[in-house]
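Chain letters run A, B, ... following the sequence lines, proteins first and then strands; every chain starts at 1.
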2 protein chains.
Amino acid sequence: MVRKTGTQRREDSLSRDRIIEASIELLDSSGEGGLTFRALSERLATGAGAIYWHVANKSDLLTAACDAVIARTITSCGVGERPAATIRALALGVFDAIDAHPWVGSALTQAPGQSPMVRILEPLGQQVRALGVPDDEQWAAVGTLLNYMLGVGGQNAANGQFGRARALDRTDFLDAVATAWSQLDAQEYPFTRSIAAALRSHDDRADFLAGIDLILRGITSPRR
Amino acid sequence: MVRKTGTQRREDSLSRDRIIEASIELLDSSGEGGLTFRALSERLATGAGAIYWHVANKSDLLTAACDAVIARTITSCGVGERPAATIRALALGVFDAIDAHPWVGSALTQAPGQSPMVRILEPLGQQVRALGVPDDEQWAAVGTLLNYMLGVGGQNAANGQFGRARALDRTDFLDAVATAWSQLDAQEYPFTRSIAAALRSHDDRADFLAGIDLILRGITSPRR
DNA sequence: ACCTGAACACCGTTCAAGT
DNA sequence: ACCTGAACACCGTTCAAGT
């Protein structure tokens with residue numbers, strides 16, 4: 001492919017892609033608060049204003065970074081033979097991506113109807129169809145799966161943020177919550193108290209999958 | 001109850017509660033971005049620093065405002081006779097609260113394990129128990145319901161934010177998303193395209209309830 | 001066409017000083 | 001004990017000016 005002479009670029013010139021890659025690195029290393037036009041322009045050895053030539057604003061940039069991560073995730077998930085298994089694999093792929101990049105969890109929520117969400121919605125919808133769900137029930141099924149995934153993703157991101165703000169790692173954080181829950185009033189909060197202990201040793205990923213399976217059971221079970 | 005003389009207060013003196021009430025009003029009228037220590041101190045006719053005597057920081061304030069709204073909501077929901085109906089009423093109560101105060105949707109997500117979440121978690125757990133779900137499956141059931149509610153709440157908040165930033169009302173926003181979806185590639189995005197039209201006329205509240213019912217079906221249907 | 005970087009209009013938070 | 005308000009260290013975004 002030949003560029004018109006005159007639009008020739010230096011090898012290391014700015015581009016939307018380079019900006020997005022640098023943003024992902026910044027977000028991964030410093031959390032949601034780490035993405036700053038100043039930090040970004042320093043990392044890219046350019047002026048803050050230069051970034052605005054390639055990107056509309058911060059929200060656009062965050063969504064684009066999220067989209068890049070989600071695009072890779074979805075591509076690498078592939079399509080299995082059985083719809084339910086494919087949905088599980090897809091959901092786990094998104095979960096793992098959010099686990100590796102907690103900021104994706106909140107970026108996903110902040111981009112309603114945008115590209116990153118559609119990338120997840122589409123294969124989810126195709127598999128729900130393949131499951132044999134009638135047309136008029138497909139949206140409920142897909143919406144439930146998607147919103148559940150967004151909820152877990154958001155919590156994952158919040159846990160990370162919360163811990164980072166208080167300089168706690170995951171274990172310390174869970175420990176703090178478990179302790180607080182176990183000290184709640186016994187009359188008013190019996191259930192919360194009863195699960196406080198289990199919180200310390202629970203497996204986020206397994207719990208997430210249990211939720212997906214529960215929803216899949218709801219989708220395929222007969223309506224009364 | 002008699003206060004020690006000397007800690008007597010002017011009728012209109014600052015208090016945590018007054019600050020929280022003013023915050024809720026500010027958030028309701030100006031959205032998530034409207035809660036500012038400057039705006040708040042102006043509304044309360046005080047200095048910005050005064051607020052810090054009653055509140056640890058902005059995150060604490062937002063969570064407290066969210067907690068006040070959720071507390072009222074849960075109280076007014078009441079407990080019905082049948083567990084499933086009570087769970088539905090509870091979920092709808094939270095949905096309506098978030099619909100009336102979209103910022104609650106994102107505040108809820110940002111306070112993992114904190115008081116507002118526990119207020120929802122507890123009655124949900126009690127009703128799941130009442131449903132006869134075995135001990136070792138209760139957490140999965142409650143977690144799925146809760147995360148789904150958080151996901152929907154987050155989307156609701158994001159829709160509002162997104163619309164506000166672009167000065168679109170709900171109809172315009174849905175219309176913009178529906179149009180974008182219907183213009184996606186037919187080969188790659190058949191499902192998303194197929195539901196684009198329905199998006200324009202869908203009922204958030206009914207869809208939300210359909211998801212709750214689907215999950216309830218999953219909870220009560222036999223495991224294989 | 002693309003980049004620079006100073007300037008603008010904001011933030012949350014702190015803290016010496018007041019009452 | 002509670003409040004004041006200036007000051008600090010940041011933000012995102014704009015824009016005249018450069019190449």
Side-chain angles (χ1 to χ4, degrees), chain A residues 2-20 22-23 26-27 30-65 103 106-107 110-111 161-162 164-167, chain B residues 1-20 22-23 26-27 30-65 103 106-107 110 161-162 164-167:
Chain A
V2 180
R3 279 183 170 281
K4 278 213 300 286
T5 334
T7 45
Q8 207 77 41
R9 300 261 194 88
R10 301 200 314 282
E11 185 60 29
D12 64 339
S13 75
L14 226 46
S15 71
R16 194 165 214 267
D17 281 349
R18 276 196 66 221
I19 292 170
I20 290 169
S23 299
L26 224 37
L27 287 160
S30 324
E32 285 176 60
L35 182 60
T36 283
F37 279 83
R38 274 160 242 260
L40 198 52
S41 59
E42 190 177 0
R43 196 185 195 93
L44 292 166
T46 182
I51 296 165
Y52 281 87
W53 185 263
H54 303 274
V55 145
N57 51 43
K58 190 175 176 174
S59 159
D60 173 36
L61 180 55
L62 185 62
T63 300
W103 53 272
S106 57
Q110 286 164 52
Q161 270 279 96
F162 207 83
R164 188 186 287 273
R166 285 154 192 75
Chain B
M1 203 216 277
V2 181
R3 278 184 169 279
K4 277 214 300 286
T5 334
T7 47
Q8 207 77 39
R9 299 263 193 88
R10 303 199 312 280
E11 184 60 30
D12 64 340
S13 75
L14 224 46
S15 70
R16 194 165 216 266
D17 281 348
R18 276 195 68 221
I19 292 170
I20 291 170
S23 299
L26 223 37
L27 287 159
S30 324
E32 286 175 62
L35 182 60
T36 281
F37 280 84
R38 273 160 244 259
L40 198 51
S41 59
E42 190 178 359
R43 196 185 195 93
L44 292 166
T46 181
I51 296 165
Y52 280 89
W53 185 264
H54 303 275
V55 144
N57 52 42
K58 190 175 178 176
S59 159
D60 174 35
L61 180 55
L62 185 62
T63 300
W103 53 272
S106 58
Q110 285 164 53
Q161 270 280 95
F162 207 82
R164 188 185 288 271
R166 284 155 194 74

For the C1' atoms, the ones on dC10(D) and on dA9(C), what distance do you get once it is rounded to whole angstrom?
13 Å

Here the pair of heavy atoms bringing G34(B) nearest to L26(B) is O-CG, 3.5 Å

How close or far is atom C1' of dA17(D) from atom OH of Y52(A), stated in whole angstroms?
19 Å

If I take atom OG from residue S23(A) and atom CG from residue L44(A), how far apart are they, to the nearest 0.5 angstrom?
7.5 Å

Per the under-4.0 Å heavy-atom filter, residues of residues 34-43 of chain A near DNA chain D come out as L35(A), T36(A), F37(A), R38(A)

Write down the partner of dA17(D) under the Watson-Crick or G-U wobble criteria, each distance required to be under 3.5 Å.
none

Quick one: look up who dC3(C) pairs with, Watson-Crick or G-U, both distances under 3.5 Å, and put none if it's unpaired.
none

Can you measure I51(A) atom CD1 to dC3(C) atom C1' for me and round it to whole angstrom units?
11 Å

When rounded to the nearest 0.5 angstrom, what distance separates CG in D60(B) from CD1 in I20(B)?
8.0 Å

For K58(A) and dC10(D), give me the distance from atom NZ to atom C1', rounded to whole Å.
12 Å

Span that lies between the C1' atom of dC8(C) and that of dC11(D), in whole angstrom
12 Å

Counting only side-chain heavy atoms from C-beta out, which of dC2(D), dT13(D), dT13(C) sits nearest to W53(B)?
dC2(D)

Separation of atom CG in N57(A) from atom P in dT13(D), rounded to whole Å
5 Å

Would a distance-only check, ignoring hydrogens and angles, find a side-chain to backbone donor-acceptor pair under 3.5 Å from S106(A) to W103(A)?
yes

Compare the minimum distances between each of dC3(C), dT14(C), dC3(D) and the side chain of A50(A), then state the nucleotide with the smallest one.
dC3(C)

Look at the side chain of R38(B) and the backbone N and O of A48(B), then say whether any donor-acceptor pair between them is shorter than 3.5 Å.
no

What is the pairing partner of dC8(C), taking Watson-Crick or G-U wobble pairs with both distances under 3.5 Å in any strand?
dG12(D)

Atom pair CG (L27(B)) and OG1 (T36(B)), whose distance is rounded to the nearest 0.5 Å:
9.5 Å

To the nearest angstrom, the NE2-P distance between H54(B) and dT13(C) comes to 16 Å

Rounded to the nearest 0.5 Å, what separation is found between the OG atom of S59(A) and the CD atom of Q161(B)?
9.5 Å

Closer to the 5' end of DNA chain C via nearest nucleotide, is it G49(A) or G49(B)?
G49(A)

Using whole Å, report how far CG of D60(B) lies from P of dG12(C).
14 Å

